[in-house]
Amino acid sequence: MESFAFCSPPSTFSLPSTSRTSLLRRSRLPLSKSPPSISPNPSSRSISALRSPPLPLSFSKPEPFLSTSFPKPNITHKQIQALSSSPPPSPQETAPSAPSSTPQGTKIIPLILSISIGLIVRFLVPKPVEVSPQAWQLLAIFLSTIAGLVFSPLPVGAWAFLGLTASIVTKTLSFATAFSAFTNEVIWLIVISFFFARGFVKTGLGDRIATYFVKWLGSSTLGLSYGLTISEALIAPAMPSTTARAGGVFLPIIKSLSLSAGSKPGDPSAKKLGSYLVQSQFQSAGNSSALFLTAAAQNLLCLKLAEELGVIVSSPWVSWFKVASLPALVSLLATPLVLYKLYPPEIKDTPDAPAMAIKKLEHMGPVTKNEWVMVGTMLLAVTLWVFGEALGIASVVAAMLGLSILLLLGVLDWDDCLSEKSAWDTLAWFAVLVGMAGQLTNLGIVTWMSDCVATHLQSFSLSWPAAFGLLQAAYFFIHYLFASQTGHVGALYSAFLAMHLASGVPGVLAALALAYNTNLFGALTHYSSGQAAVYYGAGYVDLPDVFRVGFIMALINALIWGVVGSFWWKFLGLY
């Protein structure tokens, strides 16, 4: 799920070259050979271990930058630790720590709440005559599973596995039926996309792209914000986790720019530069994720759930981008400027930032072979996603070809794939949710729900555009009650799409609009998404400002997507 506390890399370090050499010679700490995972749920410094430390891009004197060493993409983990540490730790420091006294296993109160919801539905709520006992029992298990995504008695994948086990033990589903969704193409496309994201971080390509935009547009604070925003939009289709982009690429750059300008977290100086850059990038990230189908894992989940309700989006990658393109691009261009007026930085000009970016690029060296392979592979994958239907190549097959190239040419190795815990975790819980949702549709639960909603909405005599606006607003702002975008989708997407269909809203329009909102409400609060935790955890933004700016930008995004989107979607023939 896109919700966690992220440990960002150290802000800056500086060692003389002789010291670095001696440290490299002396460092013999045993480290895992496999790089850490790029995970939407990291409990350790997963991305930061692969990343070079943020640059102290000084606006007054370049010396700190010049004394910083930037590891090449093929640097070993031992070298990274040696370069980013003080003198080697003493034996006492490296000795195993005492076992943690933190209780292991499930959280009791969330467990009781999650199970109680299913038991109440199964045994206390009268079963409608239109619904079979099997369907009602599966609905109870499904609701307990969704409640667990919200209350989190266990990690998402573990809780989903318990729900799957319950459906088999109670003989609600057969083993083959329960596991049938694990062969779903959409799910494997998401898994492979996480491997692509790992390649971007491992090769340093994402960092290089962002640095180039700082070089080109970074002479002013507003230009810096646009440079970071545009670079994220370009990286997004190849990195399906907004959290990974935030913690692995953009927050380290923002922190180094801010610290070099004298803008410190948790200090009045935060308003000089850091607060604005953090807010701007945070509020722009949702539009970047909404622009491309492969920019966020929940996008593919939405389309798969829509398919279970009979709403099929043809040429999904192209259709998604085409429908989102105009409102998303307008919002991306408007966000930094709106926040520049609404939440202005004290520093307006950053004339030394481009020169510092040039120095960083010099330290990074020329584009490596692995980076070129990464660029070529992603261009091939995106091309096949765009034209694959005409060529008879499915999206997942295009992704498989791309991953095979990365493995054959050594950009990724199999240990990288095995270590990508987020991908395998997504496979587990995603397949469970999709499988249960599909069986609920097959057993008639969704049809029964749609009929009930249609009956109630007809009593209000609402036109479908009015019902569309009301349901979209309700779906968006109810996210204040959720700490996860994927949890929100699992709990409410199918139900709200069924309400739209019962109200006469065109199916593709309803499915895509709900999916776009799933990305946009990720910036409402400091807990509404994984990237929210990353950016708020940096310490540059006060909590009241997070809620105030989040609500105002939600209204502005609603206005842009509502007005621009309405005309654009009418032009495209969605209604």
Side-chain angles (χ1 to χ4, degrees), residues 1-3 146 149-150 242 279 282-291 295-299 301-303 305-306 309 311 320 323-324 326-328 330-332 334-335 338-339 453 457 462 464-503 505-533 546-566 568-569 574-575:
M1 293 181 356
E2 294 274 353
S3 179
I146 294 301
L149 299 184
V150 178
T242 319
Q279 282 281 25
F282 177 35
Q283 294 297 331
S284 298
N287 285 291
S288 297
S289 295
L291 185 56
Q298 64 264 16
N299 295 348
L301 174 58
C302 289
L303 288 197
L305 293 177
L309 293 178
V311 180
W320 180 288
V323 174
L326 189 58
V330 171
S331 287
L332 282 171
T335 298
V338 170
L339 285 171
V453 172
L457 289 177
L462 293 177
W464 77 256
F468 174 77
L470 179 64
L471 291 171
Q472 290 288 331
Y475 180 77
F476 188 101
F477 286 106
I478 203 173
H479 192 65
Y480 276 110
L481 304 178
F482 284 84
S484 162
Q485 289 167 287
T486 49
H488 188 137
V489 172
L492 297 177
Y493 182 88
S494 295
F496 269 82
L497 180 55
M499 295 179 202
H500 279 76
L501 298 177
S503 303
V505 181
V508 173
L509 173 63
L512 290 178
L514 286 171
Y516 297 147
N517 270 329
T518 299
N519 294 288
L520 297 177
F521 58 46
L524 270 178
T525 68
H526 64 300
Y527 58 82
S528 57
S529 60
Q531 67 268 23
V546 174
F547 278 85
R548 179 176 64 88
V549 174
F551 180 76
I552 294 173
M553 290 306 301
L555 296 180
I556 292 173
N557 277 319
L559 180 64
I560 293 174
W561 281 80
V563 175
V564 177
S566 295
W568 181 238
W569 299 334
L574 289 185
Y575 66 93

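For the atom pair Gln485 CD and Ser289 OG, the distance stands at 7.0 Å (nearest 0.5 Å). Here NE2 of His479 is found 8.5 Å from OG1 of Thr518. Values are rounded to the nearest 0.5 Å. For the atom pair Leu305 CG and Phe496 CZ, the distance stands at 14.0 Å (nearest 0.5 Å). Here the CD1 atom belonging to Ile556 is positioned 11.0 Å from the CZ atom belonging to Phe551, to the nearest 0.5 angstrom. The structure places CE of Met499 at 12.0 Å from CD of Gln472, a figure rounded to the nearest 0.5 Å. Atom CE in Met553 sits 11.0 Å away from atom CG in Leu559 (nearest 0.5 Å).
You'll find the side chain of Ser529 stays beyond 4.5 Å of the side chain of Thr242, heavy atoms only. Taking 4.5 Å as the limit, every side-chain heavy atom of Trp561 sits out of range of all side-chain heavy atoms of Asn517. Residues Val505 and Leu471 fail the side-chain proximity criterion, which asks for heavy atoms closer than 4.5 Å.
Panel note: side chain Asn557, backbone Ser331; no donor-acceptor pair is recorded below 3.5 Å. Although no hydrogens or angles enter the test, the distance criterion places no donor-acceptor pair under 3.5 Å between the side chain of Trp464 and the main chain of Pro506. For the pair His488 (side chain) and Tyr475 (backbone), a donor-acceptor distance under 3.5 Å is present.
Under the 30°/60° scheme for interplanar angles, the aromatic rings of Phe468 and His500 are found to stand perpendicular.
The two residues Leu309 and Leu501 make their nearest non-hydrogen contact at O-CD1, 4.3 Å. Across Ala554 and Leu524, no two heavy atoms sit closer than the pair CB-CD2, 3.9 Å. Considering every non-hydrogen atom in both Phe282 and Ala523, the closest pair reads CZ-CA, 3.4 Å. Minimum interatomic distance between Thr335 and Ser284 (heavy atoms only, all atoms of both residues): CG2-OG, 3.5 Å.
Applying the side chain to side chain contact (heavy atoms under 4.5 Å, CB included) criterion to Leu326, with sequence neighbours excluded, gives Val330, Val564, Trp568.
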Just list the side-chain donor-acceptor pairs under 3.5 Å for residues 508-516, sequence neighbours left out, or say none.
| unit_1 | atom_1 | unit_2 | atom_2 | d |
| --- | --- | --- | --- | --- |
| Tyr516 | OH | Trp320 | O | 2.9 |
| Tyr516 | OH | Ala324 | N | 3.3 |

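For the residue pair Asn519 / Gln298, a side-chain donor-acceptor distance below 3.5 Å is found, with atom types taken as modelled. Inspection of the Tyr575 and Ser566 side chains reveals no N or O donor paired with an N or O acceptor under 3.5 Å.
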